[in-house]
**Q** 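Sending over a structure as structure tokens; questions will come in a sec.
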Protein chains: 2
Amino acid sequence: MQHDPATSSTIAWNEQGLIPAIAQDWRSGEVLMLAWMNAEALALTVNEGRAVYWSRSRQALWRKGESSGNVQLLKELRLDCDADTVLLLVEQQGGIACHTGRRRCFYQRWQEQGWEVTDEILRSPEDIYGKQP
Amino acid sequence: MQHDPATSSTIAWNEQGLIPAIAQDWRSGEVLMLAWMNAEALALTVNEGRAVYWSRSRQALWRKGESSGNVQLLKELRLDCDADTVLLLVEQQGGIACHTGRRRCFYQRWQEQGWEVTDEILRSPEDIYGKQP
């Protein structure tokens, strides 16, 4: 895979060669999640028109939706002033961005003394990822 | 300054003791910027009801708007599933989040072969921060 020089040369990659990527629903404006990209993930995102991240826990490319089917189609890609964060406007297939089965990952809200879960589970993780025997 | 244990104990701080914080306009839904917080910045944000970040370049607390007047009033604070990113819904005073004088930091859009500036400068940085003699 050849990196797109135009995409990656401008970017201020961190010491691990990564950049945070915010995914936002292109219709509702809801912030769905934050994940990370390396140069290859960013180039793949542009070339394939879908969000491809770098999984820091698995140390591998992560085509969002590869297991769940909840693919994020790329509608718009933006870069910030310091060139160290990208913003993806996406069409969230399946309406679920979070691995917990919720619409978005930001489902906890600060309420006086603690984090309170405000969003319901739309589909169980077992149903999304398949029951483990 | 005493940290709020409830705020900070849940958080999965990175190896530098920081967490990315996304600021989103609470009315328009526009993603304004991404900055970083340490435990003190997060506690101050909650206690003072305005965005307080940790400036990695200056290695100091950064009360957003302290120089520009473009304070971000906190309307809602959210945490993601992995507890490693916070989302702030803010009222952006002055209508300008970016130090370049634009509404938001994500003013560049990917267009085929390069990053194109799509947002206009609303107020010049010289005007915001004062002319350097």
Side-chain angles (χ1 to χ4, degrees), chain A residues 4-7 9-11 14-16 19-36 42 45-46 56-57 74 76-89 97-102 104-119, chain B residues 4-7 9-11 14-16 19-36 42 45-46 56-57 74 76-89 97-102 104-119:
Chain A
D4 185 333
T7 333
S9 64
T10 322
I11 307 284
N14 74 5
E15 52 285 359
Q16 285 99 41
I19 194 175
I22 303 164
Q24 181 180 27
D25 187 290
W26 77 303
R27 280 202 203 86
S28 69
E30 196 167 48
V31 175
L32 301 173
M33 57 182 281
L34 180 141
W36 294 79
L42 181 59
T45 295
V46 169
R56 296 179 303 168
S57 55
L74 184 68
E76 192 173 310
L77 177 65
R78 292 193 160 270
L79 181 65
D80 74 346
C81 49
D82 296 328
D84 62 4
T85 306
V86 288
L87 172 65
L88 285 75
L89 287 152
C98 186
H99 74 289
T100 63
R102 295 180 175 90
R104 56 174 172 176
C105 294
F106 295 95
Y107 58 79
Q108 298 170 87
R109 179 179 177 166
W110 180 257
Q111 306 272 37
E112 300 293 330
Q113 293 304 323
W115 299 101
E116 186 182 307
V117 172
T118 57
D119 298 10
Chain B
D4 186 334
T7 332
S9 64
T10 323
I11 308 283
N14 74 6
E15 53 283 0
Q16 285 98 42
I19 193 174
I22 303 164
Q24 181 180 28
D25 187 289
W26 76 302
R27 280 201 204 85
S28 69
E30 196 167 47
V31 175
L32 301 173
M33 56 183 280
L34 180 141
W36 294 78
L42 180 59
T45 296
V46 169
R56 295 179 302 169
S57 55
L74 184 68
E76 193 173 311
L77 178 64
R78 292 195 159 271
L79 181 65
D80 74 346
C81 50
D82 296 327
D84 63 3
T85 306
V86 288
L87 172 65
L88 285 73
L89 287 151
C98 186
H99 74 288
T100 64
R102 294 178 176 91
R104 56 173 173 178
C105 294
F106 296 97
Y107 58 78
Q108 298 171 88
R109 180 179 177 167
W110 180 257
Q111 305 272 38
E112 299 293 329
Q113 293 304 322
W115 298 101
E116 186 182 308
V117 172
T118 56
D119 298 11

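Reminder, nothing fancy here: chain letters follow the sequence lines and each chain counts from 1.
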**Q** Would you mind telling me which of Q111(B), Q24(B), R78(B), Q108(B) has the largest number of heavy-atom pairs within less than 4.5 Å of chain A?
**A**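 Of Q111(B), Q24(B), R78(B), Q108(B), R78(B) has the most heavy-atom pairs under 4.5 Å with chain A.
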**Q** With sequence neighbours excluded, tell me which residues meet side-chain contact (heavy atoms from CB on, under 4.5 Å) with E15(A).
**A**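 E15(A): side-chain contact (heavy atoms from CB on, under 4.5 Å) contacts with Q16(B).
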**Q** Do you know which of A83(A), C98(A), C81(A) has the most heavy-atom pairs under 4.5 Å to chain B?
**A**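 Heavy-atom pairs under 4.5 Å are most numerous for C81(A).
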**Q** Measure distances from L87(B) to the heavy atoms of chain A and classify the residue's part below 4.5 Å as side chain, backbone, both or neither.
**A**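 The answer is both parts of L87(B).
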**Q** Using distance only, find each side-chain donor-acceptor pair of residues 25-35 of chain B under 3.5 Å and give its atom names and separation, not counting sequence neighbours.
**A**
unit_1 : atom_1 : unit_2  : atom_2 : d
D25(B) : OD1    : R27(B)  : N      : 2.8
D25(B) : OD1    : S28(B)  : N      : 2.8
D25(B) : OD1    : S28(B)  : OG     : 3.4
S28(B) : OG     : E30(B)  : N      : 3.2
E30(B) : OE1    : R103(B) : NE     : 3.0
E30(B) : OE2    : R103(B) : NE     : 3.3
E30(B) : OE2    : R103(B) : NH2    : 2.6

**Q** I'd like to know if R56(B) pairs up with D84(A) as an ion pair, taking the criterion as any Lys NZ or Arg NE/NH1/NH2 lying under 4.0 Å from an Asp or Glu carboxylate oxygen.
**A**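 D84(A) and R56(B): salt-bridged.
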**Q** Can you give me the closest heavy-atom contact between L88(A) and A21(A), atom names plus distance?
**A**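 So the minimum-distance heavy-atom pair works out to CD1-CB, 3.9 Å.
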**Q** With a 4.5 angstrom heavy-atom cut-off, which part of R104(B) approaches chain A: side chain, backbone, both or neither?
**A**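 Contact with chain A: side chain only.
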